[in-house]
Amino acid sequence: MIDSTQPALDLKTMFSRRIAGVRTSFIREILKVTGNPEVISFAGGLPSPELFPIAEIAEVTAKVLKDQGRLALQYSTTEGFLPLREWIADRYHDRFGLSISPEEILITTGSQQGLDLLGKVFINPGDDVLIERPGYLGAIQAFSLYEPHFVGIESSDDGISPQSLEHALQSKPAKLLYTVPNFQNPSGATYSAEVRAAVAEAAARHGFILVEDDPYGELRYRGQSDPPIRSLLAPCVMLGSFSKIVAPGLRLGWIAAQRDVIRSLVVAKQAADL
């Protein structure tokens, strides 16, 4: 028999320091207003549902299930569907001339899982992580689980300030710099060619990991797209997503990185979802 006179277990005292120090997603909170039909919210990066290719997705889903349903519904490799990784690699080559192998691409559950996996693989408690100021809330939340020391880098309409970046690096080496060079969230700024070159040069000289997140790059309606920073700096981790250009409910994204980085990310992903 259980002694009912014993004090009840206080579950809050059992939570890890890691989870206790992370706030709920502010993105999800600010998106709650989208349930009000009288409100058009600019607070989150929601694509227009009128543009979702519903008929096309229904058609190709039916075809896949008919032709290869047993294969599609079975466990697969952690790295992700090879033809999709080949398509992503070919698109990098066609758009920017980048030579990226399918073996250097890992499919993820949206780019948000990519952020979490990068935190697992690279960030130790107390590591300096450089972020744009203002910075993307989803990345801040994902990295917060791994208890870094965030250092904000001032930004303008041309991207982060190279002077602010250099000043931050003078006092202490940084482990990682997280950037959104195209239509940055939340400012909307796009890095100039000069800022991209300065960031690449700083990463090469100071030896930090550069993470280049590009969920919005293909939403440009006018002007010319600048090449990614990866074109100037080979050891650069790139994040991509289909959430803005197809539909967010698919939860499909990817990481492109050097093979030794991908190997560690695969191990981390296997621990999360096999």
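Side chains included, hydrogens not; waters and symmetry mates left out as well; all remaining heavy atoms used. We count residues from 1, following the sequence as given.
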Quiz item: With sequence neighbours left out, what residues match Phe122 under ring pair (Phe, Tyr, Trp, His ring centres under 6.0 Å)?
Solution: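 Partners of Phe122 by the ring pair (Phe, Tyr, Trp, His ring centres under 6.0 Å) criterion come out as none, since no residue qualifies.
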Salt bridge (Lys or Arg N to Asp or Glu O under 4.0 Å) against [X], all qualifying residues, sequence neighbours excluded:
X	result
Arg220	none
Asp127	Lys175
Asp116	Lys120
Lys172	Asp128

Exercise. Flag yes if more than 12 heavy atoms outside Asp157 fall under 6.0 Å of its CG atom; otherwise flag no.
Key: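 Atom CG in Asp157 is not packed in, count stays at 12 or less.
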Quiz prompt | Glu103 CD: over 12 foreign heavy atoms closer than 6.0 Å | solution =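 Atom CD in Glu103 is crowded, with more than 12 foreign heavy atoms closer than 6.0 Å.
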Quiz item: Salt bridge check: are Glu218 and Arg95 linked by an N-O gap of less than 4.0 Å?
Solution: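 Looking at Glu218 and Arg95, the cut-off is met.
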Quiz item: Is it true that Glu201 and Arg196 have a side-chain N and a carboxylate O under 4.0 angstrom from each other?
Solution: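 Looking at Glu201 and Arg196, the cut-off is not met.
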Side chain to side chain, [X] and [Y], heavy atoms closer than 4.5 Å:
X	Y	answer
Phe96	Asp226	no
Glu132	Glu154	no
Val237	Ile255	yes

May I ask you to list the residues sharing a hydrophobic cluster with [X], side-chain cutoff 4.5 Å, ordered by chain and number?
X	answer
Tyr221	none
Val151	Leu130, Ile153, Ile160, Leu165, Leu169, Leu177, Tyr191, Val195, Val199, Phe208, Leu210, Ile229, Leu233
Val64	none
Leu65	Leu73

Quiz prompt | Check against side-chain contact (heavy atoms from CB on, under 4.5 Å), Leu82 and Arg85 | solution = CA-CA 5 Å; Leu82 178 58; Arg85 290 186 284 132; 3.6 Å; yes
Self-check item: Residue pairs passing the side-chain hydrogen bond (donor to acceptor under 3.5 Å, both in side chains) test where at least one lies in residues 160-169, sequence neighbours excluded
Solution: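 Residue pairs passing side-chain hydrogen bond (donor to acceptor under 3.5 Å, both in side chains), neighbours aside: Ser161-Gln163, Glu166-Arg205, Glu166-His206.
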Quiz item: Is a donor on one side and an acceptor on the other found under 3.5 Å between the side chain of Arg230 and the backbone of Glu212?
Solution: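 Checked: no pair found.
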Quiz prompt | Side chain Gln184, main chain Pro134, donor-acceptor under 3.5 Å | solution =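 Checking the backbone N and O of Pro134 against the side chain of Gln184, a donor-acceptor pair under 3.5 Å is found.
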Which atom pairs, donor and acceptor, lie under 3.5 Å between side-chain atoms of residues 258-269 and protein residues at least two apart or in another chain?
residue : atom : partner : partner atom : Å
Arg259  : NH2  : Ser101  : OG           : 3.4
Lys269  : NZ   : Asp273  : OD1          : 3.3
Lys269  : NZ   : Asp273  : OD2          : 3.3

Quiz item: Who passes side chain to side chain contact (heavy atoms under 4.5 Å, CB included) against Ser48, sequence neighbours left out?
Solution: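 Only Glu50, Leu51 meet the side chain to side chain contact (heavy atoms under 4.5 Å, CB included) criterion with Ser48.
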Quiz prompt | Side-chain H-bond candidate by donor/acceptor type, Asp213 with Tyr178, under 3.5 Å | solution =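 Asp213 vs Tyr178: donor-acceptor pair found between side chains.
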Quiz prompt | Check: Tyr146/Asn124 side-chain N/O donor and acceptor closer than 3.5 Å | solution =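 Their side chains do not contain a donor-acceptor pair, so the 3.5 Å distance test is not met.
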Quiz item: Once the angle between the rings of Tyr92 and Trp254 is folded into 0 to 90°, is it parallel (under 30°), tilted (30 to 60°) or perpendicular (over 60°)?
Solution: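 Taking Trp254 first and then Tyr92, their aromatic rings stand perpendicular (interplane angle over 60°).
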Self-check item: Pair Val129-Ile123, side-chain contact (heavy atoms from CB on, under 4.5 Å): steps then yes or no
Solution: CA-CA 8 Å; Val129 169; Ile123 300 175; 3.9 Å; yes
